[in-house]
Amino acid sequence: MDLMEKNLELVEVQKLEGHTDRVWNVSWNPLSSSSSSILASCSGDNTVRIWEQKALSRSWTCKAVLEENHKRTVRSCSWSPSGKLLATACFDGTTGIWEDFGDEFECIATLEGHEKEVKSVSWNASGSHIATCSRDKSVWIWEVLGGNEYDCASVLHGHTQDVKMVQWHPTLDLLFSCSYDNTIKVWWSSGDDADGEYQCVQTLDESSNGHSSTVWAISFNASGDKMVTCSDDLTLKIWTADISGEGYAPWTHLCTLSGYHDRTIFSTHWSSDDIIIASGAGDDAISLFVDSKHDSVDGPSYNLLLKKEKAHEMDINSVQWSPSKENRLLASASDDGTVKIWQLETKP
């Protein structure tokens with residue numbers, strides 16, 4: 001099915017209102033399916049909201065508001081692979097771990113250590129480790145010990161400025177971080193040293209066809225051999241690596257998508273079926289890209305599938321596809337205080 005040949009539009013399914021300040025981030029529960037979906041959103045109002053789509057009515061309602069723990073902006077939220085735990089990164093320097101007990105969420109642990117605002121949190125594929133990053137320029141790796149205990153396993157220094165996002169690779173224990181210093185760093189533990197310490201094994205910067213300004217976000221395709229990044233330089237970049245062998249495989253620049261947003265691109269996310277890349281930006285627009293399938297002289301290329309102008313009334317801070325392949329929904333979060341749920345549909 002060639003999406004470029006279809007006359008598609010991005011249709012707003014529902015606007016989720018309740019936050020009283022800008023919404024920074026959205027995260028789909030990995031157990032979300034076509035029959036039942038759960039989405040978390042976090043905000044400058046110091047709260048996290050859990051939204052649930054009812055199977056019968058298909059309408060979204062706020063299931064819970066997590067507001068007891070954090071006293072400042074909650075910048076990022078991330079579900080564990082099991083879907084039972086939610087990690088929340090806060091400007092108070094802490095990361096909260098919340099457990100879903102069915103009828104309520106309870107904060108079961110608070111991770112402390114960063115000296116400044118925590119900007120992002122990410123679980124690895126097995127759920128055994130959590131990564132956090134901060135305006136203090138550091139990346140921390142936490143080991144999940146069980147019994148609601150979490151231990152700091154590594155503190156990684158290498159970035160020279162505020163670290164905007166951390167993202168684990170979908171299949172390997174490789175950690176990626178991006179920063180106000182315009183770089184993406186790759187952290188890896190070879191297992192050769194007894195401590196299993198993570199080292200910076202690659203830095204993607206301008207000299208490697210990287211970004212020329214702040215890098216805001218990182219996302220991978222499902223198989224993990226491609227990565228997309230977005231930046232204040234108004235571009236998206238696609239990277240690739242041969243992850244089939246043993247040892248560390250370096251990442252190389254594949255192509256650059258430019259001219260599609262005229263303000264900072266704050267968020268990008270690859271759909272779970274590997275077909276569509278979404279981006280959200282300071283121009284209040286959402287763009288969708290697909291692999292052209294026709295490699296040009298310059299190598300692989302991606303085409304603009306569509307651009308939804310004025311998707312929100314203000315900056316779009318986060319876009320994320322639902323994990324369900326049968327029901328491809330996109331969630332977006334904005335400075336306008338709302339979360340929106342979108343669906344790709346064929347124009348009538």
Side-chain angles (χ1 to χ4, degrees), residues 1-19 22-30 32-41 49-63 217 219 221-222 228 230 236 257 260-263 265-292 302-348:
M1 177 182 66
D2 189 346
L3 292 177
M4 292 300 291
E5 293 173 5
K6 293 190 156 209
N7 197 12
L8 296 170
E9 61 181 341
L10 199 58
V11 177
E12 183 181 318
V13 176
Q14 195 170 334
K15 183 195 291 187
L16 309 183
E17 297 177 293
H19 284 297
R22 69 185 58 179
V23 188
W24 279 112
N25 191 226
V26 283
S27 178
W28 292 89
N29 186 297
S32 295
S33 65
S34 55
S35 60
S36 171
S37 294
I38 291 176
L39 182 76
S41 61
R49 283 179 173 260
I50 310 296
W51 309 89
E52 184 174 32
Q53 185 185 35
K54 297 294 184 188
L56 290 174
S57 66
R58 311 303 295 156
S59 66
W60 289 81
T61 54
C62 182
K63 177 186 175 185
S219 180
N221 65 345
V228 59
C230 63
L236 295 135
L257 310 180
Y260 299 105
H261 289 285
D262 51 23
R263 298 275 303 276
I265 307 171
F266 290 116
S267 181
T268 185
H269 195 247
W270 219 307
S271 63
S272 60
D273 55 15
D274 285 1
I275 295 175
I276 308 175
I277 295 170
S279 60
D283 58 7
D284 313 343
I286 295 171
S287 293
L288 303 183
F289 303 90
V290 290
D291 189 333
S292 68
Y302 287 75
N303 293 336
L304 180 71
L305 178 65
L306 64 85
K307 184 175 183 181
K308 181 74 175 178
E309 303 279 6
K310 300 202 178 334
H312 281 271
E313 292 173 15
M314 297 170 76
D315 292 10
I316 296 170
N317 298 313
S318 180
V319 286
Q320 194 173 63
W321 293 103
S322 63
S324 169
K325 293 177 183 175
E326 307 87 56
N327 188 30
R328 196 192 283 130
L329 296 174
L330 181 73
S332 59
S334 168
D335 277 3
D336 66 16
T338 70
V339 172
K340 289 187 178 184
I341 309 295
W342 306 86
Q343 189 148 25
L344 257 187
E345 294 181 7
T346 306
K347 286 183 185 175

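Keep in mind that the numbers below use all heavy atoms, side chains included, and drop hydrogens, waters and symmetry copies. Quantities reported herein were computed from a predicted structural model and do not represent experimental measurements.
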Checklist outcome for this item: Ser37 meets the side chain to side chain donor-acceptor pair (under 3.5 Å) criterion, sequence neighbours left out, with none
Checklist entry - Strictly by modelled atom types, are Asn25 and Asn317 linked by a side-chain donor-acceptor pair under 3.5 Å? => result no
Checklist entry - Who pairs with Ser322 by side chain to side chain donor-acceptor pair (under 3.5 Å), at least two apart in sequence or on another chain? => result none
Checklist entry - Which residues satisfy the side chain to side chain contact (heavy atoms under 4.5 Å, CB included) test with Asn221, sequence neighbours excluded? => result Ser223, Asp225, Lys226, Trp270, Asp274
Next on the checklist: If I take atom CZ from residue Arg22 and atom OG from residue Ser334, how far apart are they, to the nearest 0.5 angstrom?
Outcome noted: 9.5 Å
Next on the checklist: Once rounded to the nearest 0.5 Å, what's the spacing between atom CG of Leu10 and atom OG of Ser287?
Outcome noted: 10.0 Å
Checklist entry - Is a side-chain donor-acceptor pair under 3.5 Å present for Ser272 with Trp321? => result no
Checklist outcome for this item: To the nearest 0.5 Å, atom OG of Ser41 lies from atom NE2 of His19 at 3.0 Å
Checklist entry - What are the two closest non-hydrogen atoms of Ala285 and Ile316, and how far apart are they? => result O-CD1, 3.5 Å
Checklist entry - So do Ile38 and Lys63 actually touch side chain to side chain, heavy atoms under 4.5 Å? => result yes
Checklist entry - Where the side chain of Ser318 meets the backbone of Val26, is there a donor-acceptor pair that is under 3.5 Å apart? => result yes
Checklist entry - Under the salt bridge (Lys or Arg N to Asp or Glu O under 4.0 Å) test, which residues partner Lys308, sequence neighbours left out? => result none
Item to check | Lys15: side chain to side chain contact (heavy atoms under 4.5 Å, CB included) partners, not counting sequence neighbours | outcome: Glu12, Glu17, Thr338, Lys340
Checklist entry - Looking at Ser219 and Thr268, what are the two nearest heavy atoms and their distance? => result CB-O, 3.5 Å
Checklist entry - Is it true that the side chains of Thr61 and Trp51 contain a donor and an acceptor less than 3.5 Å apart? => result no
Checklist entry - How far apart are the C-alpha atoms of Asp283 and Ile265, what are their side-chain angles, what is the distance that settles it, and do they pass the side-chain contact (heavy atoms from CB on, under 4.5 Å) test? => result CA-CA 8 Å; Asp283 58 7; Ile265 307 171; over 6 Å; no
Item to check | Residue pair Gln53, Ser36: steps toward the side-chain contact (heavy atoms from CB on, under 4.5 Å) verdict | outcome: CA-CA 6 Å; Gln53 185 185 35; Ser36 171; over 6 Å; no
Checklist entry - In chain order, what residues pass the ring pair (Phe, Tyr, Trp, His ring centres under 6.0 Å) check against Tyr260, with sequence neighbours excluded? => result Phe289
Item to check | Verdict with supporting geometry, Arg328 and Asp273, side-chain contact (heavy atoms from CB on, under 4.5 Å) | outcome: CA-CA 9 Å; Arg328 196 192 283 130; Asp273 55 15; 2.6 Å; yes
Next on the checklist: According to ring pair (Phe, Tyr, Trp, His ring centres under 6.0 Å), who are the partners of Trp28, at least two apart in sequence or on a separate chain?
Outcome noted: Trp60
Checklist entry - What distance separates Ser27 OG from Ile50 CD1, expressed to the nearest 0.5 Å? => result 9.0 Å
Item to check | Val290 versus Ile275, closest heavy-atom pair with distance | outcome: CG1-O, 3.5 Å
Checklist entry - What pairs with Asn303 under side chain to side chain contact (heavy atoms under 4.5 Å, CB included), at least two apart in sequence or on another chain? => result Met4, Ser292
Checklist outcome for this item: By side chain to side chain contact (heavy atoms under 4.5 Å, CB included), Glu9 pairs with (sequence neighbours left out) Val11, Lys347, Pro348
Next on the checklist: Looking at every non-hydrogen atom in both residues, tell me the closest pair between Cys62 and Arg49 and how far apart they are.
Outcome noted: SG-NH1, 3.3 Å
Checklist entry - Which heavy-atom pair separates Gly282 from Asp315 by the least distance, and what is that distance? => result O-OD1, 3.3 Å
Item to check | side chain to side chain donor-acceptor pair (under 3.5 Å) against Trp24, all qualifying residues, sequence neighbours excluded | outcome: none
Next on the checklist: Please enumerate all residues that pass side chain to side chain donor-acceptor pair (under 3.5 Å) together with Gln343, with sequence neighbours excluded.
Outcome noted: Asn327
Item to check | Ser267 versus Ala217, closest heavy-atom pair with distance | outcome: CA-CB, 4.0 Å
Checklist entry - In Å and rounded to the nearest 0.5 Å, what is the NZ to CG distance from Lys6 to Leu305? => result 11.0 Å
Checklist entry - Partners of Asp284 by salt bridge (Lys or Arg N to Asp or Glu O under 4.0 Å), sequence neighbours excluded? => result none
Item to check | Backbone N/O of Ser32 and side chain of Ser324: donor-acceptor pair under 3.5 Å | outcome: no
Item to check | Residue pair Leu344, Leu288: steps toward the side-chain contact (heavy atoms from CB on, under 4.5 Å) verdict | outcome: CA-CA 10 Å; Leu344 257 187; Leu288 303 183; 4.0 Å; yes
